[in-house]
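Nothing here was measured: the structure is a model prediction, and the numbers come from that model. When reading the values below, keep in mind they use all heavy atoms of this one structure, side chains included, and skip hydrogens, waters and symmetry mates.
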Amino acid sequence: MARRFDYWAEKSRDKNAKFNQKLQESKVQRLQFDDLITKEKTKLKPVSVTVAVDAKRRFILSAEVAQIPAFGHLASISKSKYGNRKSYHLEALTKTFESLNQVVSENAVIESDEHQNYERFVRSYFPNAKYTQYKGQKATVAGQGKLKKGSYDPIFCVNQTLAMMRDSISTLVRRTWCTTQDIKRLQGHLEIFIYYYNQKCLGGFTPT
């Protein structure tokens, strides 16, 4: 079963790369991106998933998994139990924006929340883009904790995508017995989900 999973994850990764090549013919005009936080075995070992979406056509363009250190009240507990946990979030952001460089229009509208690392990547890779950061909103109970409370969410498209990921991928659900045991396998699961969502749910349609 594990070998079969790895096979389909690799096939999906290749198909997703080819699909993004097709998108170069009709550049993304509105990009939204954000991070989903999950865990590896325990909450003391958090993991981030940087997700970028075409906010007009709803396609998922990228999802990069990265190990990050524990934060908040769990930081000291994690450090005492597991030692210093290196962050690979910047590497994931670099990989994300390198993959978007040929897909997103240089004059695109780009939107995200106010994460401190986001702006420098947008300015570096898309200096001519119109970039807007929005203050984070409190999540509602529905939508697996990513859809937001309030009447209007300016980055609804990416937040809804993250909510669908949490609902569709068992290890991303917040309250569950299922947890990620290997972040490489989580990356593979995401590749399979992206292929299914873009090609089967949205039909792989790429209008010019």
Side-chain angles (χ1 to χ4, degrees), residues 16-17 19-38 46-69 71-72 87-140 143-166 172 187 190-191 193-194 197-198 202 204-208:
N16 292 337
F19 180 70
N20 279 3
Q21 289 179 355
K22 290 183 180 179
L23 287 177
Q24 294 180 24
E25 301 171 6
S26 54
K27 299 280 189 177
V28 173
Q29 300 298 321
R30 186 182 179 194
L31 173 73
Q32 292 182 358
F33 69 98
D34 198 3
D35 280 287
L36 176 152
I37 304 299
T38 184
V47 173
S48 70
V49 183
T50 304
V51 178
V53 300
D54 180 337
K56 287 189 175 182
R57 293 173 290 187
R58 307 304 299 273
F59 296 127
I60 302 174
L61 305 174
S62 177
E64 292 295 334
V65 179
Q67 169 186 297
I68 59 174
F71 50 89
S87 175
Y88 293 99
H89 185 231
L90 295 182
E91 287 85 346
L93 283 171
T94 299
K95 192 171 182 179
T96 296
F97 277 88
E98 285 181 349
S99 70
L100 297 174
N101 203 29
Q102 301 299 318
V103 177
V104 179
S105 169
E106 62 179 13
N107 298 313
V109 173
I110 302 180
E111 299 164 312
S112 73
D113 66 15
E114 295 179 330
H115 192 291
Q116 61 181 357
N117 289 327
Y118 288 168
E119 184 171 9
R120 60 171 162 152
F121 279 90
V122 174
R123 300 303 182 197
S124 176
Y125 284 89
F126 300 101
N128 298 321
K130 181 182 178 182
Y131 180 48
T132 305
Q133 290 183 288
Y134 298 96
K135 185 176 181 179
Q137 300 181 41
K138 187 176 181 180
T140 185
Q144 301 293 334
K146 281 308 298 183
L147 293 181
K148 305 302 180 179
K149 289 184 177 179
S151 59
Y152 175 69
D153 179 7
I155 53 173
F156 173 81
C157 184
V158 67
N159 281 327
Q160 187 188 49
T161 301
L162 298 184
M164 287 190 297
M165 285 182 168
R166 285 199 186 277
L172 297 183
Q187 183 70 60
L190 287 164
E191 296 291 350
F193 175 82
I194 292 171
Y197 181 75
N198 286 347
L202 300 181
F205 179 53
T206 55
T208 57

**Student:** Any side-chain heavy-atom pair from Ile37 and Val47 closer than 4.5 angstrom?
**Tutor:** no

**Student:** What's the separation between atom CG in Leu36 and atom CG in Leu162, rounded to the nearest 0.5 Å?
**Tutor:** 5.0 Å

**Student:** What residues, two or more places apart in sequence or in another chain, satisfy side-chain contact (heavy atoms from CB on, under 4.5 Å) together with Glu114?
**Tutor:** Gln133, Lys135

**Student:** Who are the ring pair (Phe, Tyr, Trp, His ring centres under 6.0 Å) partners of Tyr131, not counting sequence neighbours?
**Tutor:** none

**Student:** Restricting to pairs with a member in residues 92-112, which pass salt bridge (charged side-chain N to carboxylate O under 4.0 Å, His left out), not counting sequence neighbours?
**Tutor:** Arg30-Glu111, Glu64-Lys95

**Student:** Do Gln32 and Thr161 come within less than 4.5 Å of each other through their side chains, counting heavy atoms only?
**Tutor:** no

**Student:** Side-chain contact, heavy-atom cut-off 4.5 Å: Gln67 with Ser87?
**Tutor:** no

**Student:** Kindly say whether Gln102 contributes a backbone atom to a donor-acceptor pair with the side chain of Lys27 at under 3.5 angstrom?
**Tutor:** yes

**Student:** Among all residues two or more places apart in sequence or in another chain, which pass the side-chain contact (heavy atoms from CB on, under 4.5 Å) test with Gln21?
**Tutor:** Gln24

**Student:** Asn20: which residues meet the side-chain contact (heavy atoms from CB on, under 4.5 Å) condition with it, sequence neighbours left out?
**Tutor:** Leu23, Leu61, Val103

**Student:** I'd like to check the side-chain contact (heavy atoms from CB on, under 4.5 Å) partners of Thr132; sequence neighbours left out, ordered by chain and number.
**Tutor:** Tyr134

**Student:** Does anything in residues 122-134 form a salt bridge (charged side-chain N to carboxylate O under 4.0 Å, His left out)? List the pairs, not counting sequence neighbours.
**Tutor:** Glu119-Arg123

**Student:** Do Phe156 and Pro154 come within less than 4.5 Å of each other through their side chains, counting heavy atoms only?
**Tutor:** no

**Student:** Are side-chain N/O atoms of Ser26 and Arg57 paired as donor and acceptor at under 3.5 Å?
**Tutor:** yes

**Student:** Could you check whether any side-chain heavy atom of Leu93 comes within less than 4.5 Å of a side-chain heavy atom of Asn117, counting everything from C-beta outward?
**Tutor:** yes

**Student:** Mind checking whether Leu31 and Val53 have side chains closer than 4.5 Å, heavy atoms only?
**Tutor:** no

**Student:** Which atoms form the tightest heavy-atom contact between Arg166 and Leu172, and what is the distance?
**Tutor:** NH1-O, 2.8 Å

**Student:** Work out which heavy atom in Ile60 is nearest to a heavy atom in Phe193; give both atom names and the distance.
**Tutor:** CD1-CE2, 3.8 Å

**Student:** Over all heavy atoms of both residues, which pair between Ile68 and His89 is shortest? Give the atoms and the distance, please.
**Tutor:** CG2-CB, 3.9 Å

**Student:** Going by atom types alone, do Asn107 and Asn128 pair a side-chain donor with an acceptor below 3.5 Å?
**Tutor:** no

**Student:** For Glu191, enumerate each residue passing the side-chain hydrogen bond (donor to acceptor under 3.5 Å, both in side chains) test, keeping only those at least two apart in sequence or located in another chain.
**Tutor:** Asn16, Gln187

**Student:** Could you point out which residue of Phe33, Phe97, Tyr118 forms a ring pair (Phe, Tyr, Trp, His ring centres under 6.0 Å) with Tyr125?
**Tutor:** Phe97

**Student:** For a quick test of reading the model, state the closest non-hydrogen atom pair linking Ile194 to Ser62 and the distance between them.
**Tutor:** CD1-C, 4.4 Å

**Student:** Atom CG of Leu90 and atom OH of Tyr88: how far apart are they, to the nearest 0.5 Å?
**Tutor:** 12.0 Å

